Amino acid sequence: MATNSPPPPAPPATNKKLSHPLPAFAFQVQIGGHQNSVAYFKSVSGLKYETETVPVVAGGSNSTTFNLVGATKWSNIVLKRGFTKGSSLLFMRDNWMYKFPKTRFDGAIVQLNTQLQPVVTWRFTRGWPVKWEISDFDATKSEVSIETLEIAHDGLTIAR
């Protein structure tokens, strides 16, 4: 005896545009804005900016302060990696310091997915190396020497 039961429910629709968080360990840096100038680092930080607020007190309005939009400040991009003999980061900083005229450069930080394919790119414009540093030497520790390069720039844009 056959029963007329309703068909099973359809599987839930899948969202093909579902985004998964990207890994923080997969990235590359392009100095000079060219793909063939890729460098790899232990860490990259400073991908941030802040727009200042300018408080204004209006005459006759004692209950509030109005906030106007101020200047935008770009943080320095900080690159860190293990120090090697003939470090190109130190060479880059010295080359910029003693070379005339001083030319600025563009660059990009590219975040990769787990298949190491580019997913998001942050481009900086008119960068220049403002600080180079090497980690402290300490005979009581067994650590790799880390060099740090800070790059000042005139702004970030994001491309997806």
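Because only heavy atoms are used, hydrogens play no part in the values below, and waters and symmetry mates are left out as well, while side chains stay in. Please read these numbers as outputs of a predicted model, since none were measured by experiment.
Side-chain atoms of I151 and F124, non-hydrogen and from C-beta on, do get closer than 4.5 Å to each other. Using a 4.5 Å heavy-atom threshold, the side chains of F105 and M92 count as touching. Side-chain contact between V44 and V29 is present, with at least one heavy-atom pair separated by less than 4.5 Å. With a 4.5 Å cut-off on side-chain heavy atoms, F41 and Q28 do not count as touching. Counting heavy atoms from C-beta on, the side chains of R93 and L149 come closer than 4.5 Å. Residues Q111 and V119 fail the side-chain proximity criterion, which asks for heavy atoms closer than 4.5 Å. Here the side chains of S145 and F137 are in contact, with some heavy-atom distance below 4.5 Å.
Atom-to-atom distance recorded for F25:CZ and S43:OG is 15.0 Å, nearest 0.5 angstrom. Once rounded to the nearest 0.5 Å, the distance linking CG of L156 with CD1 of I109 reads 7.0 Å.
Pairing each heavy atom of N67 with each of P55, the nearest pair is OD1-CA, 3.8 Å. A pairwise comparison of heavy atoms in E147 and W132 identifies OE1-NE1, 2.8 Å as the closest pair.
With sequence neighbours excluded, no residue satisfies side-chain hydrogen bond (donor to acceptor under 3.5 Å, both in side chains) with Y98. Checked against side-chain hydrogen bond (donor to acceptor under 3.5 Å, both in side chains), S63 has no partners two or more places apart in sequence or in another chain. With sequence neighbours left out, D94 forms a salt bridge (Lys or Arg N to Asp or Glu O under 4.0 Å) with no residue at all. Residues passing the ring pair (Phe, Tyr, Trp, His ring centres under 6.0 Å) test with W96, sequence neighbours excluded: W128. Applying the side-chain hydrogen bond (donor to acceptor under 3.5 Å, both in side chains) test to Q117 and every residue at least two apart in sequence or in another chain returns N113.
F91 and L89 are assigned to two separate hydrophobic clusters, defined by single-linkage of ILVMFWY side chains at heavy-atom distances under 4.5 Å. One hydrophobic cluster, built from ILVMFWY side chains closer than 4.5 Å, holds both F27 and I158.
More than 12 heavy atoms of other residues, nucleotides or ligands sit less than 6.0 Å from atom NZ of K102. A 6.0 Å sphere centred on CG of D136 holds no more than 12 heavy atoms belonging to other residues, nucleotides or ligands.
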**Working for side-chain contact (heavy atoms from CB on, under 4.5 Å), residues V110 and Q30** = CA-CA 8 Å; V110 182; Q30 299 169 3; 3.7 Å; yes
**Request:** Start with the C-alpha gap between D154 and R104, add the side-chain angles, then the distance that decides, and say whether salt bridge (charged side-chain N to carboxylate O under 4.0 Å, His left out) holds.
**Result:** CA-CA 10 Å; D154 288 346; R104 293 184 174 209; 3.2 Å; yes
Can I get a per-line list of side-chain donor-acceptor pairs under 3.5 Å for residues 69-84, giving both atom names and the distance, sequence neighbours left out?
from : atom 1 : to   : atom 2 : distance (Å)
T72  : OG1    : T51  : OG1    : 3.1
N76  : ND2    : E150 : OE1    : 3.1
R81  : NH2    : S88  : OG     : 2.6

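D106 contributes a side-chain N or O that, together with a main-chain N or O of R126, makes up a donor-acceptor pair within less than 3.5 Å.
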